[in-house]
Amino acid sequence: SRPDGSKETAFRVSQQPIEFSAAARVTPKVIKEANKEKQYTVDAEYPQIEGDPRFDKFNREARSLITKDVAAFKTAETVSETDPGDETPAEKVDSNLDVRYEIRYATDDLISVEFTGSDYERGAAHSNISSTVLNYDVKNGKKLALADLFNAKANYLGAISSYCIKELKDRSKKNKDSMLDDEMMKSGASARADNYKAWAITRKGLWITFDPYQVAAFAGGPQYVLVPYSALKDLIKPDGPIGSFPR
């Protein structure tokens, strides 16, 4: 705000731990497009790591992930027969795709990036918000699945689900305005792989994102739970990607 307190502007600060040993740097790349004829706009951002060829495969993976999403959005707009109608407000006539990212963890060996996409279809009441996470094993040049972190046959989904449900229920009791719903939690946070696609690696634990409508109403926004490695210590693969993390 100004010194007198006027002209306040809201902002958000997030910590993005990046620790590369070489002179590598993260550069945001942007896909920006406005199509007046087809009435849509695209503003999508994704990271590229420059200055070290070891990250070339990660760069291709990140670029491919976002360019595919953009292509799918544009294709949907091309085939869409939605007529917004003459009474639709001007701000709801255009469809739009907006994608942003946050780096949850980045070292020479592991990179975890969370993308948040907001997809609005003309005439709709509100945007659809969805999260996608790219967890990448730089050393072995491959995208990680959640199962790659744990011992074979370990019930990691059960452990993660139990922790998340307890945390969400405690949060609901403390904050009645959280819009968390018990029935939605039972389904949206149950021990199913589909419920835990948006997981990210952090220093202290696995960062789980639940999209709107998964465990809470849309107005409640996305819900986040940090599952500490100490809650999973007996399940984590000792020689796996996070085997050396403190527990």
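All heavy atoms count here, side chains included; hydrogens, waters and symmetry mates do not.
For Phe245 and Tyr105, the gap between ring centers is short of 6.0 Å. Ring centroid separation for the pair Tyr196 and Phe210 comes in under the 6.0 Å cut-off.
Nearest approach of Asp69 to Leu97, heavy atoms of both residues: O-CD2, 4.1 Å. Across every non-hydrogen atom of Leu235 and Ala154, the tightest pair is CD2-CB, 4.0 Å. The minimum heavy-atom distance linking Asp148 with Lys237 is given by the pair O-NZ, 3.5 Å. Here the shortest heavy-atom pairing between Ile236 and Gly243 reads CG2-CA, 4.1 Å. Minimum interatomic distance between Ile160 and Phe150 (heavy atoms only, all atoms of both residues): CD1-CZ, 4.3 Å. Among all heavy-atom pairs drawn from Gly221 and Pro212, the shortest one is C-CG, 4.1 Å.
Partners of Glu61 under the salt bridge (Lys or Arg N to Asp or Glu O under 4.0 Å) rule, at least two apart in sequence or in another chain, are Lys143. Residues forming a salt bridge (Lys or Arg N to Asp or Glu O under 4.0 Å) with Glu183 (at least two apart in sequence, or on another chain): Lys186. In this view, Ser118 and Asp98, Ser127 satisfy the side chain to side chain contact (heavy atoms under 4.5 Å, CB included) rule, not counting sequence neighbours.
Hydrophobic clustering of Ile, Leu, Val, Met, Phe, Trp and Tyr side chains at less than 4.5 Å, counting indirect connections, unites Ile111 with Ile66. Under the 4.5 Å side-chain heavy-atom criterion for grouping Ile, Leu, Val, Met, Phe, Trp and Tyr, Val227 is connected to Leu146 within one hydrophobic cluster. Criterion: ILVMFWY side-chain heavy atoms under 4.5 Å apart, direct or through other members. Under it, Phe58 and Trp199 are not part of a common hydrophobic cluster. Note on Tyr229 and Val133: separate hydrophobic clusters, where clusters join Ile, Leu, Val, Met, Phe, Trp and Tyr whose side-chain heavy atoms are under 4.5 Å apart, directly or indirectly. With hydrophobic clusters built from ILVMFWY side chains whose heavy atoms lie under 4.5 angstrom apart, Val42 does not share a cluster with Tyr120.
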What's the verdict on side-chain hydrogen bond (donor to acceptor under 3.5 Å, both in side chains) for Asn195 and Ser161, showing C-alpha distance, side-chain angles and the deciding distance? CA-CA 9 Å; Asn195 288 336; Ser161 171; over 6 Å; no
Run the numbers on Arg192 and Leu157 for side chain to side chain contact (heavy atoms under 4.5 Å, CB included), then give the verdict. CA-CA 7 Å; Arg192 298 202 324 262; Leu157 283 175; over 6 Å; no
Going through the distances and angles, do Asp119 and Phe73 end up as a side chain to side chain contact (heavy atoms under 4.5 Å, CB included)? CA-CA 8 Å; Asp119 180 349; Phe73 169 79; 3.6 Å; yes
Please report the C-alpha distance between Glu19 and Arg203 in whole Å, then the side-chain angles of each, then the deciding distance to 0.1 Å, and finally whether the side chain to side chain contact (heavy atoms under 4.5 Å, CB included) criterion is met. CA-CA 12 Å; Glu19 294 184 3; Arg203 294 182 183 284; 2.3 Å; yes
After noting the C-alpha distance and the side-chain angles of Arg100 and Glu114, does the key distance pass the salt bridge (charged side-chain N to carboxylate O under 4.0 Å, His left out) rule? CA-CA 8 Å; Arg100 294 293 176 264; Glu114 182 166 9; over 6 Å; no
Could you please spell out the steps behind the side chain to side chain contact (heavy atoms under 4.5 Å, CB included) verdict for Asn151 and Tyr156? CA-CA 9 Å; Asn151 293 317; Tyr156 60 89; over 6 Å; no
Please walk me through it: do Phe55 and Tyr136 pass ring-ring contact (aromatic ring centres under 6.0 Å, His included)? CA-CA 10 Å; Phe55 300 107; Tyr136 199 80; 9.2 Å; no
side-chain hydrogen bond (donor to acceptor under 3.5 Å, both in side chains) between Ser6 and Asp4, intermediate numbers included: CA-CA 6 Å; Ser6 64; Asp4 63 0; 2.6 Å; yes
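Taken to the nearest 0.5 Å, the OH atom of Tyr163 stands 11.0 Å off from the CG atom of Leu206. Atom CZ of Arg63 and atom CG of Leu65 lie 12.0 Å apart (nearest 0.5 Å). Interatomic distance, Arg25 CZ to Ile18 CD1, rounded to the nearest 0.5 Å: 12.5 Å. Rounding to the nearest 0.5 Å places OG1 of Thr202 at 8.5 Å from CZ of Arg104. Taken to the nearest 0.5 Å, the CD atom of Glu102 stands 8.5 Å off from the CH2 atom of Trp207. Within the model, atoms CE of Met185 and NZ of Lys166 stand 12.5 Å from one another, a figure rounded to the nearest 0.5 Å.
For Ser95 and Glu121, the side-chain atoms include no donor-acceptor pair closer than 3.5 Å. In this model, a donor atom of one side chain and an acceptor atom of the other lie less than 3.5 Å apart for Glu50 and Thr27. Side chain to side chain, Asn135 and Ser112 meet the donor-acceptor criterion of an N or O pair below 3.5 Å. Side-chain contact of Ser131 with Asp211: a donor-acceptor pair under 3.5 Å is present, judged by distance alone.
Using a cutoff of 4.0 Å between basic side-chain nitrogens and carboxylate oxygens, Lys142 and Asp137 are not scored as salt-bridged. A salt bridge does not link Lys38 to Glu33: none of the charged side-chain nitrogens sits closer than 4.0 Å to a carboxylate oxygen. Remark: Arg54 engages Asp52 in a salt bridge, criterion side-chain N to carboxylate O under 4.0 Å. A salt bridge is defined here as a Lys NZ or Arg NE, NH1 or NH2 lying under 4.0 Å from an Asp or Glu carboxylate O, and Lys169 with Asp182 fails to meet this definition.
With a 4.5 Å cut-off on side-chain heavy atoms, Val113 and Tyr46 do not count as touching. The shortest distance between side-chain heavy atoms of Val99 and Asp43 does not fall below 4.5 Å. When side chains are defined from C-beta on, Pro17 does not count as touching Ile103, because their heavy atoms never get closer than 4.5 Å. Contact of the Tyr101 side chain with the Pro28 side chain is registered, since non-hydrogen atoms from C-beta on lie closer than 4.5 Å. For the pair Ile129/Thr116, a side-chain contact is recorded, criterion being any heavy-atom separation below 4.5 Å from C-beta on. Contact check for Tyr40 versus Asp94: no side-chain heavy atoms found under the 4.5 Å cut-off. Residues Val138 and Leu110 are not in side-chain contact: their nearest non-hydrogen atoms beyond the backbone lie 4.5 Å or more apart. In this structure, Ile208 and Leu226 have side chains that are not in contact, with every pair of non-hydrogen atoms separated by 4.5 Å or more.
Ser162 places no side-chain N or O within 3.5 Å of a backbone atom of Ala159 that could act as its donor or acceptor partner. Here the side chain of Thr67 pairs a donor or acceptor atom with the backbone of Ser64 at under 3.5 angstrom.
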